[in-house]
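In what follows, a structure is listed as structure tokens, so that the remarks can point back to it.
Excluded from the calculations below are hydrogen atoms, water molecules and symmetry mates; all remaining heavy atoms, backbone and side chain alike, are included. All of these numbers come straight from a predicted model, not from anything done at the bench. Order of appearance sets the numbers: ligands from 1, and atoms from 1 within every ligand.
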Amino acid sequence: MAEPVFRRLALIGLGLIGSSIARINLDGRPLAGEVIACARTPKTLARVVELGIADRVEADPARAVAGCDGVILCAPVGSFADLAAAIGPHLHPGAILSDVGSTKQSVIRDVGPHVPAGVHFIPGHPLAGTEYSGPDAGFAALFTGRWTLLTPPEGADPAAVERMAEFWRRCGAMVETMEPGHHDRVLAIVSHLPHLIAFTICGTADDLADESRSQVLKFAASGFRDFTRIAASDPVMWRDVFLNNREALLEMLARFMEDAQAMARAVRWADAAYIEDKVERGRKIRRSLIELKQA
Ligand code: NAP
């Protein structure tokens with residue numbers, strides 16, 4: 001069997017993403033010789049012990065990273081600044097510090113200043129997820145066939161970048177490196193804006209009178225259902241994503257609202273060709289996604 005990528009790995013946060021990584025390690029794809037799990041609440045730590053997906057649990061992040069050659073932050077991005085301040089002085093020279101956060105410029109801003117010299121900081125983001133959260137939500141196939149984007153800072157050690165790439169390949173992912181600002185703009189359109197729209201449309205439906213709301217739920221299969229699945233995601237995680245990718249999200253939202261206005265105008269003036277063209281474009285995008293096996 002291949003050598004594990006890390007001798008001892010600390011996962012800070014054992015929700016959907018962290019617990020999926022921990023499960024992969026038990027699944028015959030050696031990521032780490034030893035996995036230390038750290039979460040905030042005793043309830044999550046106790047559940048991780050019950051599930052048997054880590055070698056040891058630690059409530060204190062500073063103690064969790066002691067003696068680790070790999071540390072991955074798997075908590076909501078809004079907690080990263082405090083976490084990095086807590087673990088920074090305890091990171092070992094030569095260790096890799098990475099993360100799975102959905103925003104990348106904010107992570108570099110919040111974590112970067114706390115990374116001691118000699119520690120390799122290689123931020124990452126697996127583009128895989130579900131609407132479920134917590135340690136029971138994870139599963140070993142989560143990253144299979146999905147992309148992970150690495151956003152190494154300028155001057156990052158190529159060997160450390162390759163080690164994280166190998167880590168994600170063992171998780172079943174395809175890996176690409178990207179500039180952090182570009183990552184945040186791409187993710188704003190493919191992930192953050194669709195979530196914002198889903199949360200908003202569910203709120204709009206919920207604001208309707210009681211009677212029509214029950215009608216909405218009764219006939220939800222007509223399309224609303226798909227929005228409710230996305231809107232079932234974790235509130236803290238998404239609050240943090242929106243607040244930490246503000247600029248790109250607002251830019252994409254402004255463009256979306258312009259396009260939605262154009263569609264509204266086409267509907268008002270019965271511009272059939274415009275409407276048909278936009279629907280056809282949507283179908284094409286869906287077909288391309290299926291061909292790329294990302295549907
Ligand atoms: P999750 O299921 O809600 O789990 C979050 C975990 O972080 C929990 O174990 C929580 O511990 C822990 N945590 C929260 N604050 C903490 C703190 N201050 N110190 C230590 N642990 C803390 O979240 P997730 O979906 O796995 O998301 C984790 C990260 O992955 C986020 O940064 C998110 O942006 C990113 N991500 C998510 C998805 C997705 O679709 N869900 C996809 C890609 C990337 P307790 O349970 O004890 O509170």
Side-chain angles (χ1 to χ4, degrees), residues 10-24 35-51 53-54 57-65 71-88 90 97-108 110-111 114 123-140 142-144 146-151 168 171 173 175 180 183-184 186-188 190-192 194-195 198-199 229-245 249 294:
L11 297 171
I12 315 289
L14 260 288
L16 170 70
I17 304 289
S19 78
S20 293
I21 294 174
R23 284 175 170 91
I24 290 167
V35 171
I36 317 299
C38 173
R40 201 176 31 163
T41 61
K43 187 171 165 234
T44 297
L45 291 172
R47 186 62 187 144
V48 170
V49 172
E50 272 171 24
L51 291 167
I53 53 177
V57 293
E58 271 292 349
D60 177 7
R63 285 174 60 104
V65 305
V71 174
I72 305 183
L73 302 178
C74 305
V77 289
S79 63
F80 281 13
D82 287 348
L83 281 172
I87 65 174
H90 305 275
L97 172 62
S98 188
D99 77 299
V100 296
S102 305
T103 60
K104 294 277 59 93
Q105 285 171 299
S106 77
V107 169
I108 290 165
D110 292 348
V111 176
H114 301 287
H125 179 202
L127 306 190
T130 71
E131 65 276 30
Y132 301 108
S133 52
D136 285 284
F139 56 100
L142 178 62
F143 311 109
T144 305
R146 312 301 299 272
W147 286 101
T148 290
L149 301 176
L150 299 177
T151 61
W168 285 109
C171 290
V175 182
H183 166 280
D184 286 358
V186 171
L187 267 292
V190 300
S191 170
H192 307 167
H195 276 83
F199 298 134
R229 187 188 60 72
I230 299 176
S233 304
D234 186 69
V236 173
M237 178 198 141
W238 281 100
R239 175 201 69 192
D240 284 4
V241 171
F242 288 0
L243 294 180
N244 284 284
N245 196 17
L249 179 58
Q294 294 297 310

Q: Report yes if some N/O of T44 lies less than 3.5 Å from some N/O of ligand 1; otherwise report no.
A: yes

Near V100 (heavy-atom distance under 4.0 Å), the atoms of ligand 1 are 29 (C), 30 (O), 35 (C), 36 (N), 44 (C)

Is there side-chain contact between N244 and F80, with heavy atoms separated by less than 4.5 Å?
-> no

Of all heavy-atom pairs linking A86 and A62, the shortest is O-CB, 3.7 Å

Taking every heavy atom of L11 against every heavy atom of G18, the minimum-distance pair comes out as CD1-O, 3.5 Å

Heavy atoms of P180 and I108 approach each other most closely as CG-CD1, 3.5 Å

Quick note on ligand 1: atoms under 4.0 Å from a heavy atom of G101 include exactly 32 (O)

| message | With a cutoff of 4.0 Å, is T130 in contact with ligand 1, counting heavy atoms of the residue only? | response | yes

So for M237 against ligand 1, with non-hydrogen atoms under 4.0 Å, the contacting part is side chain

Under 4.0 Å from one or more heavy atoms of V77, ligand 1 contributes atoms 32 (O)

Within the 4.0 Å heavy-atom cut-off, what H125 brings close to ligand 1 is side chain

Under 4.0 Å from one or more heavy atoms of S133, ligand 1 contributes atoms 1 (P), 2 (O), 3 (O)

Does some non-hydrogen atom of G134 fall short of 4.0 Å from ligand 1? yes

Tested for side chain to side chain contact (heavy atoms under 4.5 Å, CB included) against I12, the lone hit among V65, L97, D99 is V65

With a 4.0 Å cut-off on heavy atoms, does A128 reach ligand 1?
yes

Quick note on ligand 1: atoms under 4.0 Å from a heavy atom of P76 include exactly 7 (O), 14 (C), 15 (N), 31 (C), 32 (O)

Quick look: L16 vs ligand 1, heavy-atom contacts under 4.0 Å, and the answer is both

min-distance protein heavy atom vs atom 33 (C) of ligand 1 -> S102 OG, 3.5 Å

For I24 and A140, the nearest pair of non-hydrogen atoms, with its separation, is CG1-O, 3.3 Å

protein heavy-atom neighbour closest to atom 9 (O) of ligand 1 works out as L14 N, 2.9 Å

When distances are taken from atom 22 (C) of ligand 1, the protein heavy atom at minimum range is A75 CB, 3.7 Å

A student checking ligand 1 against S79 at a 4.0 Å heavy-atom cut-off should list atoms 18 (N)

On a heavy-atom basis, the closest approach of C74 and G13 is CB-O, 3.4 Å

Taking only non-hydrogen atoms of G13 and a 4.0 Å limit, the atoms of ligand 1 in range are 6 (C), 7 (O), 9 (O), 12 (C)

Here the pair of heavy atoms bringing L14 nearest to A22 is CD1-CB, 4.3 Å

re atom 4 (O) of ligand 1, the protein heavy-atom contact at minimum distance is G15 CA, 3.2 Å

Residues pairing under salt bridge (Lys or Arg N to Asp or Glu O under 4.0 Å) where one sits in residues 13-24, two or more places apart or in two chains, turn out to be none

Nearest non-hydrogen protein atom to atom 43 (C) of ligand 1, with distance, is P126 O, 3.2 Å

Report, one line per pair, each donor and acceptor closer than 3.5 Å where one atom sits in a side chain of residues 233-240; sequence neighbours left out.
from: S233; atom 1: OG; to: I230; atom 2: O; distance (Å): 2.7
from: D234; atom 1: OD2; to: V236; atom 2: N; distance (Å): 3.3
from: D234; atom 1: OD2; to: M237; atom 2: N; distance (Å): 3.0
from: D240; atom 1: OD2; to: G78; atom 2: N; distance (Å): 2.8

